[in-house]
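Since the structure comes first, as structure tokens, the remarks are kept for the end.
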Amino acid sequence: MSPKRKGSDLRPLLVSMRPRQWIKNLLVVAVPLASGTFLEQGVVGKIIVAFVSMCLAASSVYLVNDVLDRDSDRKHPSKSQRPIASGELPVRTALIAAAVLAVGGLAVAGLLASTDLMWLVAGYLGLQAIYVAWAKHQPVLDLASVAAGFVIRAIAGGVAVGIPTSTWFMTVTAATAFFVVSGKRYSELVTQGVSGTRQGLKDYSEGYLRFAWGVSVGIAVVFYGLWAAELSSGDSGFWGRVSVVPFVLILLRYARDIDAGLAEAPEEMLFRDRVLQILGIVWVAMFALQVYA
């Protein structure tokens, strides 16, 4: 039986919205940054709107997901402390908040940016609804659904600003996201085993997930090279070509963390891995020099 809840619902609601995971929504800056329009007038404001709308939509999904998973979460050593699983946040309150956040995300996108962004956020919510209700229990589809969410985040920045997204960029984003997601499942399998609280783990083996993140990281590296070549030409393309080095090192460093079973919570790992942070800063700096210098 769930513990008796105490006090206000505000704190547990904020915790259940998972603000630490909003870092994923920083992907909205990717397209404007890569296109060289980031510093143009009005662009930053539109990016902020895209970021806020995606944060609201994502938090809505987190709440619904935690409601559906509350029984299995109670069997997990850390997830059992989640407000909904522990009974600190009532299911009814969580569902009402999820609906308000979803509508809020759509409203922010439609009223402050464009109807195109609103429809993209609606597509994200629809995809994630399919994921939490069905696809997360289907092998491979669960990986693809989560990876698609990252791609939508990245595209959102371009849609908000009105910039078409490069095919190379979408391919690199999709492959890198699939790498991160399959690595997360691998870490969960290593730490929890098939008897863990995530039902879908029984459909995978360590060997298969190694294969999945190995293939996806290979695709990411190849298409990043092609993308860098598209951005750069002649002598002016030095920083674009050199940026391949820190990009590959980031993937290799992250692969090492996956192999050690440390990537179960990617957003937490990013906060504690200083080397990964430094490599990320170097990569962004090189990319910015290529686009803006």
Side-chain angles (χ1 to χ4, degrees), residues 15-16 18-24 26-27 58 61-62 65-66 68-82 85-86 131-132 135-150 153 172-221 224 246-281 283:
V15 171
S16 297
R18 304 187 199 177
R20 286 177 67 88
Q21 295 202 25
W22 290 348
I23 189 174
K24 300 173 183 176
L26 289 176
L27 276 170
V61 174
Y62 296 145
N65 183 75
D66 284 359
L68 296 177
D69 285 354
R70 63 189 185 279
D71 291 333
S72 60
D73 283 351
R74 289 174 186 139
K75 303 173 185 177
H76 191 278
S78 59
K79 292 181 180 180
S80 60
Q81 301 304 311
R82 287 178 174 176
S86 66
Y131 169 74
V132 299
K136 71 178 178 180
H137 304 300
Q138 305 300 319
V140 182
L141 292 184
D142 66 325
L143 305 179
S145 297
V146 178
F150 283 94
R153 287 175 170 93
V172 172
T173 303
T176 304
F178 200 88
F179 164 61
V180 171
V181 176
S182 56
K184 173 180 170 65
R185 292 291 180 270
Y186 177 85
S187 292
E188 290 171 340
L189 186 60
V190 169
T191 57
Q192 300 178 31
V194 294
S195 60
T197 59
R198 188 180 291 278
Q199 296 295 316
L201 290 178
K202 67 180 184 298
D203 296 313
Y204 296 116
S205 66
E206 291 183 22
Y208 175 80
L209 290 171
R210 276 183 175 275
F211 169 77
W213 56 264
V215 169
S216 57
V217 76
I219 294 172
V221 170
Y224 182 85
F247 179 77
V248 172
L249 290 177
I250 288 169
L251 296 181
L252 290 175
R253 174 76 180 190
Y254 195 84
R256 187 281 259 171
D257 291 332
I258 293 174
D259 189 58
L262 302 175
E264 187 174 351
E267 66 285 349
E268 293 180 10
M269 196 186 71
L270 290 175
F271 280 114
R272 65 173 180 259
D273 192 328
R274 293 290 180 263
V275 174
L276 200 59
Q277 292 170 8
I278 292 170
L279 289 171
I281 291 171
W283 172 67

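Numbers here are sequence positions counted from 1.
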| field | Sub-4.5 Å side-chain heavy-atom contact between L251 and Y224 | value | no
| field | Heavy-atom side-chain proximity of V61 to Y131 below 4.5 angstrom | value | no
| R82: salt bridge (Lys or Arg N to Asp or Glu O under 4.0 Å) partners, not counting sequence neighbours | D66, D73
| Whether E206 side chain and Y186 backbone form a donor-acceptor pair below 3.5 Å | no
| message | To the nearest 0.5 Å, what is the distance between CD on Q21 and CD on E267? | response | 4.0 Å
| query | Can you name the closest pair of heavy atoms from P266 and K184 and give their distance? | reply | CD-CD, 4.1 Å
| request: Please determine which of H76, R74, K79, K136 meets the side-chain hydrogen bond (donor to acceptor under 3.5 Å, both in side chains) test together with D69. | output: K136
| said: For a 4.5 angstrom cut-off between non-hydrogen side-chain atoms, does Y204 reach L143? | reply: yes
| Pair listing, salt bridge (Lys or Arg N to Asp or Glu O under 4.0 Å) test, anchored in residues 253-263, at least two apart | R210-D259, R253-D273
| task | Find out whether I219 and V215 are in side-chain contact, i.e. whether some heavy atom of one side chain is under 4.5 Å from a heavy atom of the other. | result | yes
| task | Applying side-chain contact (heavy atoms from CB on, under 4.5 Å), run through Y254 and V217 and close with a yes or a no. | result | CA-CA 10 Å; Y254 195 84; V217 76; over 6 Å; no
| task | Specify whether F211 and Y208 have parallel, tilted or perpendicular ring planes, treating 30° as the upper limit for parallel and 60° as the lower limit for perpendicular. | result | tilted
| field | Sequence-distant partners of A148, side-chain contact (heavy atoms from CB on, under 4.5 Å), two or more places apart | value | L127
| Minimum side-chain heavy-atom gap I258-F179 below 4.5 Å | yes
| task | Please identify each residue that fulfils ring pair (Phe, Tyr, Trp, His ring centres under 6.0 Å) with F271, with sequence neighbours left out. | result | none
| L189 and S205: which non-hydrogen atoms are nearest, and at how many Å? | CD2-C, 3.6 Å
| All side-chain contact (heavy atoms from CB on, under 4.5 Å) counterparts of Q81, not counting sequence neighbours | none
| From CG (L68) to CZ (R70), nearest 0.5 Å | 7.5 Å
| request: Could you pull out the closest heavy-atom pair between D203 and H137, with the gap in Å? | output: OD2-O, 4.0 Å
| said: How close do A135 and S145 get, counting heavy atoms only, and between which atoms? | reply: CB-OG, 3.6 Å
| request: Heavy atoms only: give me the nearest R185-L201 pair and the separation to one decimal. | output: O-CD2, 3.7 Å
| field | Between CG on residue L249 and CG on residue L276, distance to nearest 0.5 Å | value | 10.5 Å
| remark: Closest non-hydrogen atoms of A144 and F178, given as atom of the first, atom of the second and distance, are N-CE1, 3.9 Å
| request: Apply side-chain contact (heavy atoms from CB on, under 4.5 Å) to A58 and list each qualifying residue two or more places apart in sequence or on a separate chain. | output: N25, Y62, Y124, R153
